Amino acid sequence: MALVGFGLTLSVLIVLVAVVFQNAESPFTPIIGLFGFLPFQQMLGETHCYAAIKTNSDDKSQSNCFTVKNGLFERVFSNQSLGKSNTKTGYVIPGLWDGHGHLLQLGELRNSVDLFGAKAMSEVHERIIEYQSHHILAGTSEQWLRGVGWDQATFGKWPSAIDLEINDKFRDLYVMLDRVDVHCIWVSKKVLSLLPNPLPEVPGGEIPAEGIFCDNAMEIVLKHYPEPTVERKTKFIKDAMHELNKFGVVGMHDAGVTPSHLKLYETLSLDENWTVRVYAMIECETRNTFCPNEAIKVETPNGKLRVQSVKLFADGALGSWGSAMIEPYSDKETSSGSLLVNSTTLTQLAVEWAGAGYQVNIHAIGDLANRLAVDAFEESLKSLCPHTSLRDCQSRHRFRIEHAQIIHPDDQRRIRDLGIIPSIQPTHATSDMYYAESRLGKKRTMEEAYRMRSLLPLGPVFGSDFPVEPANVFEGIFAAMTRRNPRTGLDSEGRKDGWYAAEAVTLEDALQGFTVNPAFAAFLEGRAGTIETGHYADWVVLDEPLEALDDESLRFATVRETWVGGKQVYRRPGSEDLPSDAV
Ligand SMILES: *[C@@H]1O[C@H](CO)[C@@H](O)[C@H](O)[C@H]1NC(C)=O
Ligand SMILES: *[C@@H]1O[C@H](CO)[C@@H](O)[C@H](O)[C@H]1NC(C)=O
Ligand SMILES: *[C@@H]1O[C@H](CO)[C@@H](O)[C@H](O)[C@H]1NC(C)=O
Ligand SMILES: [Zn+2]
């Protein structure tokens, strides 16, 4: 997903952070010291027993209790003799990880107009007007009115700036709305008035209509975008974390964070209200560059923030014909998409970042982009490990392809040989299935697109790419298992067969994709992803065992409680903790 906005200079940021933290009403107050915030009984060890615990570990013995001390699991055991009165209802699974999302953007989305699923221009207008009536400040030059979720397919053509002149009041408002895939923005005339005339040509960018800016062309607008204040960003993060905890998410890989935002994360992550572990990928202030001096490697002692990877971008998205293909699109034969960077530069950047000790994660959607990503990784591995096997080298450096959506069979073989980690979003497959085959044709779709099952030996990381898709992990598990849309329960033909169902995975494999695999891909094996002695005490309580849910219950599943570092961070309203003998 494209990162929109948020480039604040460091000096300004530090001053603002200082101001925020002198304000007692701030949602985050820094508390320094590793265990200073742990309640007293947690230092002694606290025992939790449930109906059953799915530990996800290699140890297959049945456990139903664990003891938590200093934020870690101290002991996992079975103790029938503890008696019913100490056993809580509910079924435990390990805390869930989203392997690819965007934290600040999720929070910003929750503080902007939701245009997802709007069926016509009139509905877009209604939602914007409704939102503006409750957010009087939105639309000023200091705080543009933001929204996300529109899709030109619903209008039958690209919208334009004129469409945002809804009435007299709106003629004066600064409006910027992200396309559903966040690869294009749609802005009002007031925003256009800030831009140079004529507009510059930007390689890797398109301006398909007045007021629409795609991929690299978004930069033309974003230069003028007024940064949200640190107070607002802090609120965005808090809102996003609450939303994630609601879905049982205890950790996420943040797929592109600028160095200045990493500074903000570093400060805020010391607080107890930072309730999601974040493994962040650095994205330089100028995309696709080498910025080791601004970058920081971080590992906070409380395990809430870890930074040692970088995000590069090879291409755009399939929906807007932006992904770079080896052969032209089947429904647009004059185009094979575009690269955001040429292969020489991509390889050079990968080699440089890898040489500086960073895991390199390349966004690649189209089969050409995926091929160049593999080329870049291969060169990096050769330069890192001239004397050992590239596969061993890769198992230490763990390079990843973000999205890994359309991969030529030759390159699937290379990825398997090298052991490159695919980072996959199962719900992208079920959102894109309506048009993917027309873009790609039958053969390419069948052989190359949205592979899951055939990539399982690589330990694929599963995620949602929130806020592009909902952050609901159960929808992701459902999509991976059934290859059907979790919102309708149906495949692209309106049936229950599943879209290219040969690529569906089992429940166990889907769960690995949202637990153990993202832990490994974040160098957190032995600490996250399973319930074991010495691991982070992160867990989720469900009403029923995961295995007991049929498809329909799975896509509507909700969590009862989420715990991070031995602390309850979410409880579903109304789910009072009754002892099991009272049920
Ligand atoms: C953390 O959040 C809770 C609930 O919103 C609040 O009661 C508490 O004061 C916060 N703690 C800090 C240190 O800000
Ligand atoms: C079970 O609990 C009892 C009482 O707390 C304790 O004495 C005993 O050692 C426990 N047994 C096991 C196997 O953990
Ligand atoms: C690749 O892009 C870089 C940076 O834009 C440029 O300097 C270089 O000449 C390009 N190389 C090729 C082979 O096109
Ligand atoms: Zn993304």
Side-chain angles (χ1 to χ4, degrees), residues 1-6 97-109 148-149 178-185 200-205 214-216 218-219 240 244 249 252-258 261 278-284 286-291 309-320 322-324 338-352 361-366 368-370 372-373 375-376 379 400-405 421-429 431-432 460-471 476 518 521:
M1 132 175 190
L3 294 186
V4 175
F6 292 134
W97 280 71
D98 189 310
H100 181 123
H102 302 273
L103 188 66
L104 264 169
Q105 290 82 348
L106 175 62
E108 186 165 34
L109 169 67
V148 62
D178 291 30
R179 191 183 181 278
V180 59
D181 64 2
V182 215
H183 279 268
C184 301
I185 48 180
E201 289 266 326
V202 181
C214 295
D215 290 313
N216 287 355
M218 296 195 294
E219 277 306 315
L244 293 170
V249 173
M252 57 92 53
H253 298 184
D254 203 337
V257 186
T258 57
H261 285 143
V278 174
Y279 179 74
M281 309 176 200
I282 298 162
E283 182 181 345
C284 301
T286 306
R287 190 177 269 193
N288 285 334
T289 56
F290 182 53
C291 60
S309 65
V310 66
K311 174 99 178 278
L312 302 175
F313 293 79
D315 67 348
L318 184 67
S320 46
S323 43
S338 51
L339 289 167
L340 301 182
V341 59
N342 65 33
S343 66
T344 319
T345 306
L346 187 64
T347 297
Q348 186 194 332
L349 286 170
V351 169
E352 281 173 327
N361 305 335
I362 301 181
H363 164 117
I365 306 257
L368 180 61
N370 276 280
L372 300 191
D375 290 348
E379 286 310 311
R400 308 166 38 161
I401 300 184
E402 300 306 311
H403 309 305
Q405 249 168 37
I421 301 173
S423 167
I424 296 171
Q425 298 76 43
T427 44
H428 278 347
S431 292
D432 296 0
V461 171
F462 285 173
S464 65
D465 205 3
F466 64 75
V468 180
E469 304 279 353

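Start at 1 with the first residue, then count along the sequence. First listed ligand is number 1; within each ligand, the first listed atom is number 1. Just so it is clear, the values below take in all heavy atoms, side chains as well, and ignore hydrogens, waters and symmetry mates. Remember, it's a predicted structure, so these values are computed and weren't measured experimentally.
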Tell me whether atom 7 (O) of ligand 3 lies less than 4.0 Å from at least one protein heavy-atom position. no
Measuring from atom CD1 of I282 to atom CG of N361, what distance do you get when rounded to the nearest 0.5 angstrom? 10.5 Å
Can an N, O or S atom be found in H100 less than 2.8 Å away from the Zn ion (ligand 4)? yes
For atom 14 (O) of ligand 3, the closest protein heavy atom turns out to be N342 ND2, 3.3 Å
To the nearest 10 degrees, calculate the angle at the Zn ion (ligand 4) involving OD1 of D465 and NE2 of H102. 90°
Run the side chain to side chain contact (heavy atoms under 4.5 Å, CB included) test on D465 and H403 for me, step by step, so that the C-alpha distance in whole Å, both residues' side-chain angles and the decisive distance to 0.1 Å come before the verdict. CA-CA 9 Å; D465 205 3; H403 309 305; 3.4 Å; yes
May I ask you to identify the nearest protein heavy atom to atom 13 (C) of ligand 3, giving residue, atom name and distance to one decimal place in Å? T344 OG1, 3.8 Å
So, D315 side chain and G366 main chain: donor-acceptor pair closer than 3.5 Å or not? yes
If you take all heavy atoms of D181 and S320, which pair is closest and at what distance? OD2-OG, 3.9 Å
State whether E402 contributes an N/O/S atom found under 2.8 Å from the Zn ion (ligand 4). no
Enumerate the atoms of ligand 3 whose separation from the nearest heavy atom of T345 is less than 4.0 angstrom. 1 (C), 2 (O), 3 (C), 4 (C)
Side-chain (N216) to main-chain (P203) donor-acceptor, under 3.5 angstrom: yes
Is the distance from the ring center of H363 to that of H102 below 6.0 Å? no
Under 4.0 Å and counting heavy atoms only, is there anything from the protein next to atom 2 (O) of ligand 3? yes
